[in-house]
Amino acid sequence: MMKGFLRREGPRRGILRCCLTTNVEAARPFTFEADPTLASRPQVSSPLASLRMATTEPSVFAEFSELSEKFHSVNLGQGYPDFAMPDFVKEAATEAIHGDFNQYSRPAGHARLVRTLASRYAPRFGRSLNAAEEIAVVGGATNAIFSAVVALVDPEDEVVCVEPFFDAPKIAADLMGAKTIGVPLRADWARTSADWKLDLNELDAALSPRTKLLVLNTPHNPTGKVFSKEELDGVAEVVTKYPGLVVLSDEVYEEMVYDGREHVHFASRPGMFERSLSIFSAGKTFSATGWRVGYAIGPKQLISPLVRVHQASNFSTPTPLQVATAIAFERAEQFDYLNTFKKTLQEKRDKLCRLLRVAGLAPIVPEGGYFLLADTTKVAAATSFPLWEAPEDIPLRERRDFAVCRLLTERAGVTAIPASAFFSQGHRHITDSLARFCFCKEDDTLDEAYRRIVHSGLGANWI
Amino acid sequence: LDGLFALTMYFLATSVLVLVQARSTALVAAPRPSARTGPLQTATIATEPAVSVQRATNGAAPKTTTKNGSTLPSTLPLALQRLASLPEKTVWTEFGGLAASLGGDVANLGQGYPDWSPPRFAIEAAADAVAGDASKHQYARSAGLPALCEVLARRYSGHFGRAVDAHSEVAVTVGATQALLVSLMALIKDPGDEVVVLEPCFDLYFGQIRLAGGRPVAVPMTFSPRRDDDDDDEDDEDDGDEERSPLKNFSVDLEALRRALRTARVLIVNSPQNPTGKVFSVEELEAIASLVRSENEARRNSARRNSEEGQLVVVSDEVYKYIVLDKDASHVHFAKLDGMKDCTLTVSSAGKTFSATGWQIGWIVGPPHLVTHTHRLLPYLQFCASTPMQAALAVALDEAEEPYQGHVSYYAWLADEYARKRTILLEALHDANLRPLQTAGGFFVLADVAAYADLIPAHHFEPS
């Protein structure tokens, strides 16, 4: 079970350096631990019921968004488009507003929307879907993840996340007092996101009868990895050994897969629907991240608790926007929107990759999603430790990639998100040299970012 | 001393024995269902009676005693355990279902939302927002769209008679529902912290208090509908028609409230009140405020607690504030009362005011040291509320102050409309021999069905 760990020492190789050992204890995935200095900070005395919130770091997105505003930088950090949504979606919204859908809809989602979603996803999951019982519409995918974790996780449970991870499930697990364990994607030399691999043995080692939730994300944020059918089947095989385990599959970027690839739904794999909750976002699909319309699809046994929690928290989701989403899905076919969207994003991906290479930052080309990770080795950031030699337990915000991203914002006027924010302590060394850029922006924005990086000279320094 | 030692050892031994027994029984007789039989089994426990599980563990599974006194295995996830004390089938689903099954002949006066459209200017504001540029459709600042926060801060500065800061004293949420939950999550520090509610009240409070890890403590209001013969109170002007004057509404039992507040962390005040339609007078609210004041002072003086942590905080649910129907009643902002500024979170929303319950935009206004915790929670619960709806509201809130349909403002028109509809309903209730309670606001009326008590067939008294 522990086979497959290699020892790699010696000179630094490639973009990433992996520190793997054969020691079993060290090989056990690290549990998430917050920034150790957090406890001594004065503002951390939180009156929240779980007090555990006091050990959670403030949102890195909120922090860099503020920094971006302050320095008027080109914001390639947070994942939202700066271009207009397609006209037919705007028209759908206008129609819904005028169509007088202004009162509460049923908590699990407006009837028209859940019907549309059931007919959209039934063929993708390879089964029929009961619109009334197997779909829950909530306030965005973040809210879906929050409600799902709150509904399913106990303080004695463990939540396993494939990392790098989007922080929503971990925060919700923190609030419930559950332990979060990270299983990292590893790559020795990564040119494309396909080079990031999940070691199934490592995954198996992290799971236990106490694991309540396994969080998967495909296409993956921030690497852009699109898990193949074989990879998902491998995960499914491991998961079958743990009957109490529920898989939370975050698939918000389902419509953003490039180079002719197909997005594979985890719940479509044999035997997996009954134990998965698949999360999707209308905001990502229709470039309307501010709508806050997201949905979960799964068996009644998992959807019903989620709806119960949702009913006591948000109660329901804005009706006009739910109806607008239904109309948008109904009409997307006739405008061939989804294919065009894919093609446009692929071009933007290629463009940003090209520009970053010239500017001195080497991108890991993503197979899907909105984001790419770029290597910032050439940027000379003043940090207390040389590259890759910082100890694991230094505060997150003192890590090199945070310093690089702050520097990029302040000196170059381009904001990216430091990749170690997506890893748990113990694995952050993997990303000392990586920053996450969002390419879901206007071409002009991407050009401007390129100009600023080159102009600043930051990408051309050798350390 | 030997005796004491022996006694201590005895207690230790028995407690260890009990622990060991409980543990070993759990391990031997009943490995947790989730470990053995899979997620299906765990999840279905939520909907089926737990008898089979209890038998399997020889009745030794740790149990949770719920509000209704029934017991459930604590193998349910924590959140569902917390919600489990609430009936699976709520009054809304039961009566909504009943109305739907009876078809078009039933006028559903049950659930509280209008069956007419929001005002034209609100719809236009929403249409403009969705037709707007990219930024209106993307993520907003987590604590609330700046434009909306500024409008709210300005309006509440007027309401409270002091400056309200848009950045640190306002948070925007998905409807007042989420505002209430987030406020509770920001205030409930230790599991089991008490939250006092005045009954009868909106049933959602119980679910939210439990979800946030608190313990609801209901303080019933007193109900003495008929005036006493030796009552010295002034009669209403129109007491000529004794049969048709409304019954006296509920009133607060200050003594019971005072006792409950002694150990409470939060008090929820709802005015205008759902379901009674009561609008708390300034005297009543002052009385409540003075209880809160004296309780907080007692805590500050007590050596045990430091000044911030032990404070009693009031959450003032004011969603019906623009629906005050009696000319001599007016809405009082609880946070404006003496000494209440720093210990009140004010919650309200757009839904009731603009007849747009489906828009789901609510807000919390309060002192920075409390609102800051809500700001920390929102990114993870929700990230932000719907941007286009927030943008629409930022415009509509001010436009509602303009003259509307012959009235000095939309708010004035709204109050008049509801007053008119209330009159129609009261007439109908009187004619049907259902004595209504005197209401001053909100859009609900409670009516006394005593006249029908003997006519109801027995089978309706049985639980369905």
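Throughout, a chain's letter reflects where its sequence line sits, starting with A, and its residues are numbered from 1.
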Practice task
Evaluate the side-chain contact (heavy atoms from CB on, under 4.5 Å) criterion for residues A/Val89 and A/Trp291: first the C-alpha distance (whole Å), next the side-chain angles of each, then the deciding distance (0.1 Å), finally the verdict.
Solution key: CA-CA 12 Å; A/Val89 180; A/Trp291 281 20; 3.7 Å; yes

Handout entry: Neighbours of chain A found in residues 388-395 of chain B - heavy atoms under 4.5 Å
Key = B/Pro388, B/Met389

Handout entry: Presence of salt bridge, B/Glu124 and B/Arg120, under 4.0 angstrom
Key = yes

Handout entry: Part of B/Ala122 within contact of chain A (heavy atom distance under 4.5 Å)
Key = neither

Exercise for the section: Test side-chain contact (heavy atoms from CB on, under 4.5 Å) on B/His137 and B/Val130 and set out the steps. Expected result: CA-CA 7 Å; B/His137 294 280; B/Val130 300; 4.0 Å; yes

Problem - Nearest-0.5 Å distance that lies between atom CG in A/Asn143 and atom OG in A/Ser281 - result: 11.5 Å

Practice task
Answer yes or no on whether A/Lys441 is positioned over the face of A/Tyr80, meaning its NZ or CZ is under 6.0 Å from the six-membered ring centre and within 45° of the axis.
Solution key: yes

Handout entry: Check: B/Val195 and B/Gln208 side chains under 4.5 Å, non-hydrogen atoms
Key = no

Completion exercise
Counting heavy-atom pairs under 4.5 Å with chain B, the top scorer among A/Ala324, A/Gly294, A/Ser105, A/Ser287 is A/Ser287

Completion exercise
Ranked by heavy-atom pairs below 4.5 Å to chain B, first place among A/Phe146, A/Phe286, A/Tyr104 goes to A/Tyr104

Handout entry: More than 12 heavy atoms of other groups within 6.0 Å of A/Glu442 CD
Key = yes

Completion exercise
Max heavy-atom pairs within cutoff under 4.5 Å with chain B, candidates A/Thr319, A/Asn314, A/Thr94, A/Asp87, goes to A/Asn314

Fill in the blank from the handout: Checked A/Ser316, A/Gly140, A/Gly139 vs chain B; the most non-hydrogen pairs under 4.5 Å come from A/Ser316

Exercise for the section: For B/Asp193 and B/Asp190, indicate whether the former's side chain and the latter's backbone hold a donor-acceptor pair under 3.5 Å. Expected result: yes

Handout entry: Side-chain heavy-atom pair A/Thr211, A/Ser208 within 4.5 angstrom cut-off
Key = yes

Exercise for the section: Please look at B/Ala140 and chain A and tell me whether the side chain, the backbone, both or neither of the residue comes under 4.5 angstrom of a heavy atom of that chain. Expected result: neither

Exercise for the section: Could you look at A/Ala168 and say if it's the side chain, the backbone, both or neither that has a heavy atom under 4.5 Å from chain B? Expected result: neither

Problem - Under 4.5 Å from a heavy atom of chain A, the part of B/Ser117 involved - result: both

Problem - Best-contacting candidate, A/Ala84, A/Ala93, A/Ser313, against chain B by heavy atom pairs under 4.5 angstrom - result: A/Ser313

Practice task
Under the salt bridge (charged side-chain N to carboxylate O under 4.0 Å, His left out) rule, what do B/Arg215 and B/Glu194 come out as? Steps first, then yes or no, please.
Solution key: CA-CA 5 Å; B/Arg215 193 165 79 84; B/Glu194 290 178 10; 2.9 Å; yes

Problem - Donor-acceptor under 3.5 Å (B/Gln138 side chain, A/Thr289 main chain) - result: yes

Completion exercise
If one checks every heavy atom of A/Phe83 against chain B at 4.5 Å, the contacting part turns out to be backbone

Exercise for the section: Could you check which of A/Pro81, A/Gly79, A/Ser65 has the highest count of heavy-atom pairs closer than 4.5 Å to chain B? Expected result: A/Pro81

Problem - Proximity breakdown for A/Thr317 and chain B, heavy-atom pairs closer than 4.5 Å - result: backbone

Handout entry: Interchain contact, B/Leu204 with chain A, by part (heavy-atom threshold 4.5 Å)
Key = side chain

Practice task
Walk me through it: do A/Val246 and A/Arg275 pass the test side-chain contact (heavy atoms from CB on, under 4.5 Å)?
Solution key: CA-CA 5 Å; A/Val246 174; A/Arg275 52 157 4 124; 5.5 Å; no

Problem - B/Val313 vs B/Leu370 side-chain heavy atoms within contact, under 4.5 Å - result: yes

Completion exercise
Cut-off 4.5 Å, heavy atoms of chain B, and the answer for A/Gln311 is backbone

Problem - Interface residue of largest heavy-atom contact number with chain A, from B/Ala127, B/Cys384, B/Ala176, under 4.5 Å - result: B/Cys384

